[in-house]
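All heavy atoms count here, side chains included; hydrogens, waters and symmetry mates do not.
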Amino acid sequence: DHAGERGAIKIYDGQLLALQLLKSDPDLEKKVSEMKEHEKEHLKYFEEQLADRKIRPTLMLPLWDFLGTALGFGTAMLGKKAAMLCTASVEEVIDKHYLDQIDYLSKNEKKEKELLSKVKKFRQDELDHRDIAYEEGANKDGPYGILDAIIKIGSKAAIEISKKIWFTKALNEHPNTNNQANFGAKN
């Protein structure tokens, strides 16, 4: 979740960079800035969780930062529909990711009430972002359907790669670990 929230901020950073330097759209810039603020709240919580639980973030952060910024910049350069589709596509992947976590925490981590509550709240924020994106013109017609598929494949891959690289390193550092939940591998 930490990497995902940071990635969302980087996507919005890229979109804002394009909007401020090359494509003037004050209304879109305002909406992107508002959604970025939610992501900053989410990131702050997960950074605190990493510190409290003594868990290090994924080794992939520098790459995800670059790719997120590039994705945001590129979709904003394609126009408002593409920028909003980027948000909608990512949020649809994150919705499924958060639903999986809510299910896991509800069944397996009864003591994690605060974490469960936060994940539920953050999921709702992400659904709100998705809805705003569709209200602002995101759609999957024609070439936008291809863009949607590319963004979703990339988002799903980033989630899985982050979990694998993080968990493999955690196992090497702590060979007695046999439970992903002990190390937050359900990022």
Side-chain angles (χ1 to χ4, degrees), residues 1-47 57-101 119 121-166 187:
D1 292 334
H2 173 263
E5 298 300 346
R6 184 162 150 166
I9 289 170
K10 293 301 180 182
I11 290 169
Y12 290 137
D13 282 345
Q15 290 179 340
L16 290 169
L17 181 64
L19 292 168
Q20 292 163 353
L21 292 179
L22 303 168
K23 304 258 296 178
S24 180
D25 187 335
D27 181 54
L28 181 58
E29 189 175 331
K30 181 177 184 249
K31 286 192 180 5
V32 169
S33 293
E34 289 169 359
M35 290 186 286
K36 179 182 170 184
E37 286 307 307
H38 288 143
E39 304 299 350
K40 287 166 107 180
E41 172 194 345
H42 304 173
L43 179 62
K44 181 177 185 240
Y45 176 77
F46 288 119
E47 285 177 340
T58 179
L59 296 172
M60 300 303 292
L61 283 181
L63 179 60
W64 298 156
D65 287 352
F66 172 76
L67 293 174
T69 303
L71 176 62
F73 188 87
T75 56
M77 290 303 297
L78 291 173
K80 185 175 184 175
K81 281 185 182 180
M84 290 292 93
L85 178 63
C86 180
T87 294
S89 301
V90 169
E91 300 302 18
E92 287 169 359
V93 171
I94 297 308
D95 176 40
K96 167 81 170 81
H97 181 64
Y98 274 157
L99 278 175
D100 290 345
Q101 290 182 344
V119 171
K121 183 215 179 287
F122 296 164
R123 176 181 175 259
Q124 187 56 56
D125 289 345
E126 308 301 4
L127 292 173
D128 293 344
H129 296 168
R130 179 204 61 198
D131 293 346
I132 290 167
Y134 282 117
E135 289 166 9
E136 291 298 317
N139 71 63
K140 299 174 186 176
D141 297 337
Y144 293 106
I146 296 167
L147 182 59
D148 174 64
I150 291 167
I151 293 169
K152 285 180 175 172
I153 289 167
S155 296
K156 290 174 187 175
I159 290 168
E160 293 306 314
I161 290 167
S162 291
K163 287 193 292 189
K164 297 282 187 262
I165 288 180
W166 180 88
N187 38 325

- Report yes if the side chains of Cys86 and Leu71 come closer than 4.5 Å at any heavy-atom pair, otherwise no. yes
- Would you say the side-chain atoms of Tyr12 and Lys31 include a donor-acceptor pair closer than 3.5 Å? no
- Task: Report yes if the side chains of Asn139 and Tyr134 come closer than 4.5 Å at any heavy-atom pair, otherwise no.
- Result: no
- Just by modelled atom types, is the Gly72 backbone N or O under 3.5 Å from a matching donor or acceptor in the Thr75 side chain? yes
- Side chains of His129 and Glu39: donor-acceptor distance under 3.5 Å anywhere? yes
- Message: Nearest 0.5 angstrom please: Phe73 CZ to Leu21 CG, how far?
- Response: 6.5 Å
- Item | Side-chain donor or acceptor of Gln15 paired with backbone N/O of Ala83 under 3.5 Å | yes
- If you measure only the distance, is there a donor-acceptor pair under 3.5 Å linking the side chains of Asp13 and Thr69? no
- Side chains of Arg130 and Ile94: does their closest heavy-atom pair fall under 4.5 Å? no
- Salt bridge present between Glu5 and Lys10 (N-O < 4.0 angstrom): no
- Task: Output yes when Glu41 and Lys121 qualify as a salt bridge under the 4.0 Å nitrogen-oxygen rule, no when they do not.
- Result: yes
- Straight-line distance of Leu147 CG to Leu85 CG, nearest 0.5 Å: 5.0 Å
- Count the heavy atoms belonging to other residues, nucleotides or ligands that lie under 6.0 Å from NZ of Lys81, then report whether that count exceeds 12. no
- salt bridge (Lys or Arg N to Asp or Glu O under 4.0 Å) involving Glu135 - partner list, sequence neighbours excluded: none
- Item | Presence of salt bridge, Glu34 and Lys30, under 4.0 angstrom | yes
- Item | Heavy-atom side-chain proximity of Leu28 to Glu136 below 4.5 angstrom | no
- Query: Thinking salt bridges, do Lys152 and Glu92 make one under a 4.0 Å N-O criterion?
  - Reply: yes
- Task: Identify, with sequence neighbours excluded, every residue that meets side chain to side chain contact (heavy atoms under 4.5 Å, CB included) alongside Glu37.
- Result: Lys40
